[in-house]
Structures are given as structure tokens and as C-alpha cells.
Amino acid sequence: MGPWAIAVHGGAGVDPNLPKERQEEAKRLLTRCLDIGIVALRSNVTAIDVVELVVKELETDPLFNSGRGSALTENGTVEMEASIMDGPKRRCGAVSGLTTVKNPVSLARLVMDKSPHSFLAFSGAEEFARKQGVELVDNEYFITEDNVGMLKLAKEANSILFDYRIPTIGTCGAGATMDSPLQMNGLPISVYAPETVGCVVVDKEGRCAAATSTGGLMNKMTGRIGDSPLIGAGTYACDLCGVSCTGEGEAIIRSTLARDVAAVMEYNGLNLHEAVDFVIKNRLDEGKAGLIAVSKNGEVACGFNTTGMFRGCATEDGFMEVGIW
């Protein structure tokens with residue numbers, strides 16, 4: 001028996017002028033999710049069950065970019081994706097292109113537990129969801145007034161908006177692309193601040209698990225798949241650690257960021273904090289991203305090279321922290 005630990009995130013890349021009320025709202029949601037995870041861990045719920053439970057809560061609240069709060073594609077629809085991984089035997093499940101599944105992370109769990117596959121997408125994933133009897137909703141459930149407004153801004157700017165809830169003044173609006181251009185795969189984008197959600201947990205038995213869920217990028221091309229459902233990129237768990245990433249998906253994919261944390265621990269003998277620091281500094285090239293991680297020993301760590309990252313963590317010894325910057 002060892003100490004448990006949990007960490008959650010609501011995305012890396014935060015506008016420095018984010019209003020105080022928005023910051024406090026985010027902190028309250030992260031605190032609520034941590035409390036849910038803590039109660040479950042104290043009741044000896046397994047790590048894999050806890051990460052699903054917490055990410056479902058994040059998907060149900062429209063504050064961050066997953067589930068109810070998902071970004072809209074260029075066609076004004078939602079295409080969600082998620083993944084989950086159980087460390088002990090490296091079992092995993094992932095889904096992409098979901099348009100009617102209320103909680104994508106739970107469908108990813110069913111892919112892991114109830115199918116012979118690891119990844120289902122688009123019509124195949126939707127059909128599997130219907131057969132499994134998961135809760136389905138109309139696509140309109142995910143389309144909020146904020147999402148529609150920010151998609152309009154993105155189209156007017158002919159750009160991808162990463163954080164579609166930041167103020168549209170100063171460096172935060174559609175015009176930011178012209179003032180301070182960032183690039184993704186050589187193409188200009190606007191202010192970098194995605195809001196993917198994720199959770200990592202190690203339970204009292206030393207079992208690690210991770211889950212990640214997102215709506216992707218505002219005004220993304222239909223059919224685009226990011227890092228969040230890709231095992232080893234946005235999500236990874238093994239007998240050493242559990243990792244969930246957030247940020248520039250294309251950079252995370254190129255660096256297989258989540259797996260690299262485990263790899264440098266396994267092959268280079270780094271501890272969790274050293275591994276997280278190493279991959280953030282050395283594996284992203286010019287990409288912007290962040291991650292949360294736990295180790296089998298009950299350690300918890302986070303790292304990011306963006307302005308901030310919505311995050312929170314707690315450990316069995318009573319430590320608890322929620323932060324943005």
C-alpha cells in the first residue's frame with residue numbers, strides 16, 4: 001500500500017488578461033473535480049475509475065473545451081475526442097469524431113473494456129456508442145452562444161482560435177494573428193491557449209491511470225484529429241506513471257510527449273519531476289504545451305511552457321493546490 005495522488009487540468013495556454021471572475025470560475029471547477037477524486041480515492045476506488053469519473057465531470061461542465069464546452073468545427077458542428085489508459089497492463093481506449101455522445105471519456109473506456117480494439121472513430125464510434133447504450137444527445141446540446149460567437153470571430157479572421165473564451169481586445173482577439181503571428185505546421189494561428197481537460201491518478205495500490213478529453217480547435221478542419229485521443233501523445237499510463245497532455249496538438253503528436261515522460265523515467269532513471277521538466281524543455285521544439293503526471297510512488301508533477309495552465313493536484317498527505325499561472 002502506498003500514497004495516492006491526483007492531478008487535473010483544464011488546458012495549457014492562458015491569456016494573461018483573463019478576467020478575475022473567469023479565473024475564479026475555473027479554480028472552483030478544478031477544486032470540485034479534485035474533491036470528487038479525493039473522496040473516491042479515500043474509498044479505495046481504482047485509479048482507472050477515478051480518472052473516468054473526474055473527466056466526466058469536466059465534460060459535463062461547459063467551462064472548458066470538452067463535452068458540453070467543445071469547440072466548433074469550420075462547419076459549426078462538434079467533433080469530440082477522448083482517450084483513457086490503465087497503467088498496470090497498459091490497456092487503453094480512444095475515440096474521435098463524436099457528435100452525439102454526451103461523455104466521450106466513458107465511450108473510450110467502453111472501447112477499452114468492451115471491444116477488441118483500442119481506437120474507434122466517427123461513424124464507427126457512434127455506432128458502437130448506440131450498441132453500448134451510452135447517453136446520447138443532439139449535436140445542438142454542445143453548441144453554446146459563446147461557441148457560435150467565437151466561431152464567427154475565427155472565420156472573420158480566417159484563423160484557428162485556440163482559446164475561444166478570452167477577451168477579444170488587445171492581444172487576445174482575432175487581430176492578434178496579425179500582430180504576433182504564431183504558426184502550426186507552418187501556418188498562422190491566433191493566440192495560443194487551448195483548453196483540453198485531463199486527469200491522472202495513482203491509487204493506494206500504486207496503479208496509475210490517465211484520461212484526456214477535448215473538443216479540439218475552434219474553426220478546425222472537419223475530420224482533424226489532435227493529440228488527445230492518441231495513446232503515447234496526449235495520454236499515457238504504465239506501471240511507472242500516468243500522464244495527460246494539453247496544448248498544441250501537432251507538437252505533442254510529433255514529440256509523443258506523454259510516452260516520453262515514462263521513457264526517460266524508464267531508460268534514463270529520472271524521477272517524475274525530472275522527467276516532466278526534461279520533456280517540456282527538450283521535446284517540444286517550438287511547440288507550446290503542458291502536462292500533468294503522477295508516479296507509482298505517489299508523486300505528482302506538472303509542467304508547461306505556455307503563459308499558464310489550468311491545473312490542480314492533491315496527495316494523500318493533505319497537500320492540495322489549484323493554480324493557473
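FYI, the numbering just counts along the sequence from 1. We use all heavy atoms of the structure for the numbers below, so side chains are in, but hydrogens, waters and symmetry mates are not.
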Can you name the nearest heavy-atom pair linking Ala26 to Phe64, along with the distance? CB-CZ, 3.9 Å
Could Arg224 and Glu250 be called an ion pair, given the rule that one side-chain N must be under 4.0 Å from one carboxylate O? yes
For Cys241 against Val261, the heavy-atom pair lying closest together: SG-CG1, 4.4 Å
To the nearest 0.5 Å, tell me how far Glu274 CD sits from Met265 CE. 9.5 Å
Under 4.5 Å between side-chain heavy atoms, counting indirect links through other Ile/Leu/Val/Met/Phe/Trp/Tyr residues: same cluster for Leu98 and Leu120 or not? yes
Taking the side chain from Ser295 and the backbone from Asn297, do they hold a donor-acceptor pair closer than 3.5 Å? yes
Please test Leu72 against Val78 for side-chain contact (heavy atoms from CB on, under 4.5 Å), starting from the C-alpha separation and ending with a verdict. CA-CA 5 Å; Leu72 304 181; Val78 166; 3.6 Å; yes
For Tyr141, does its backbone N or O pair with a side-chain atom of Arg68 as donor and acceptor, under 3.5 Å? yes
Residues Ile225 and Ser96: closest non-hydrogen pair is CG2-OG, 3.8 Å
Can you check side-chain contact (heavy atoms from CB on, under 4.5 Å) on Ile48 and Arg207, steps first, answer last? CA-CA 8 Å; Ile48 191 67; Arg207 296 171 296 212; over 6 Å; no
Start with the C-alpha gap between Asp260 and Ser255, add the side-chain angles, then the distance that decides, and say whether side-chain contact (heavy atoms from CB on, under 4.5 Å) holds. CA-CA 8 Å; Asp260 221 39; Ser255 62; over 6 Å; no
Any salt bridge linking Arg91 with Asp113? Criterion: basic side-chain nitrogen under 4.0 Å from a carboxylate oxygen. yes
Under the 3.5 angstrom rule, does the side chain of Thr306 hit a backbone N or O of Gly13 as a donor-acceptor pair? yes
Look only at the side chain of Glu126 and the backbone of Thr99, and say whether a donor-acceptor pair between them is shorter than 3.5 Å. yes
May I ask you to test the Asn65-Ser70 pair for a side-chain heavy-atom distance under 4.5 Å? yes
Within the supplied structure, the quantity of interest is the number of heavy atoms (other residues, nucleotides, ligands) at a distance under 6.0 Å from Arg90 CZ; does it exceed 12? no
Using side-chain heavy atoms (C-beta onward) and a distance below 4.5 Å, is Val101 in contact with Leu136? yes
Residue that, paired with Thr235, satisfies side-chain contact (heavy atoms from CB on, under 4.5 Å) out of Asp227, Val51, Val243, Thr212: Thr212
Quick check: does any side chain N or O of Glu81 sit under 3.5 Å from a backbone N or O of Gly216, one acting as donor and the other as acceptor? no
ILVMFWY cluster, Leu30 and Ile36 together (side-chain gap under 4.5 Å): no
Salt bridge (charged side-chain N to carboxylate O under 4.0 Å, His left out) between Lys56 and Glu59: does it pass, once the steps are laid out? CA-CA 5 Å; Lys56 279 183 68 175; Glu59 289 174 339; over 6 Å; no
Test item: Val8 and Leu34 side chains (from C-beta on) under 4.5 Å apart, heavy atoms: yes
What I want to find out is whether Arg22 reaches Glu25 closely enough, with some N-O distance under 4.0 Å, to be called a salt bridge. no
Closest heavy-atom pair and its distance - Gly242, Cys208: N-CB, 3.9 Å
Pair Glu79, Thr222: side-chain N/O donor-acceptor within cut-off below 3.5 Å: no
Do Val111 and Tyr236 belong to the same hydrophobic cluster, where Ile, Leu, Val, Met, Phe, Trp and Tyr are linked whenever their side-chain heavy atoms lie under 4.5 Å apart, directly or via other members? no
Heavy atoms, side chains only, cut-off 4.5 Å: are Asp203 and Val50 in contact? no
For Gly312, is there any backbone N or O sitting under 3.5 Å from a side-chain donor or acceptor partner on Lys27? no
Is there a side-chain contact between Val197 and Glu57 (heavy atoms, below 4.5 Å)? no
Flag the pair Val201 / Val294 as yes when at least one side-chain heavy-atom distance between them is below 4.5 Å, and no otherwise. no
Inter-residue atom distance Lys288.NZ - Asp285.CG, 0.5 Å rounding: 12.0 Å
Does the Asn271 side chain pair with the main chain of His273, one donor and one acceptor, at a distance under 3.5 Å? yes
Would you compute the distance between atom OG of Ser83 and atom CG of Leu107 and round it to the nearest 0.5 angstrom? 12.0 Å
ILVMFWY cluster, Met85 and Val95 together (side-chain gap under 4.5 Å): no
Among the clusters formed by ILVMFWY side chains lying less than 4.5 Å apart, do Phe119 and Val55 turn up in the same one? no
Taking the side chain as C-beta and beyond, is there a heavy-atom pair between Glu52 and Ser106 under 4.5 Å? yes
Could you tell me the separation between the OG1 atom of Thr100 and the CZ atom of Arg130, rounded to the nearest 0.5 Å? 6.5 Å
Of all the heavy-atom pairs spanning Ile292 and Met309, show the shortest one and how long it is. CG2-CE, 4.1 Å
I'd like to know if the side chain of Arg311 reaches the main chain of Trp325, judged simply by a donor and an acceptor atom lying under 3.5 Å from each other, with no hydrogens or angles considered. yes
Donor-acceptor pair, Thr77 side chain versus Thr73 backbone, under 3.5 Å? no
For Val105 versus Ala211, what's the shortest heavy-atom pair and its separation? CG2-CB, 3.9 Å
Run the side-chain contact (heavy atoms from CB on, under 4.5 Å) check on Asp239 and Lys296 step by step: do they pass? CA-CA 7 Å; Asp239 57 349; Lys296 67 176 183 179; 5.7 Å; no
When rounded to the nearest 0.5 Å, the distance separating CG of Leu63 from CG of Leu58 is 9.0 Å
Nearest 0.5 angstrom please: Trp4 CH2 to Arg42 CZ, how far? 5.5 Å
Do Asp317 and Pro3 have side chains that get closer than 4.5 Å, going by heavy atoms? no
Could you tell me whether the side chain of Ser66 and the main chain of Thr196 form a donor-acceptor pair under 3.5 Å? no
How far apart are the C-alpha atoms of Arg109 and Asp49, what are their side-chain angles, what is the distance that settles it, and do they pass the salt bridge (charged side-chain N to carboxylate O under 4.0 Å, His left out) test? CA-CA 9 Å; Arg109 175 74 183 273; Asp49 288 332; 2.9 Å; yes
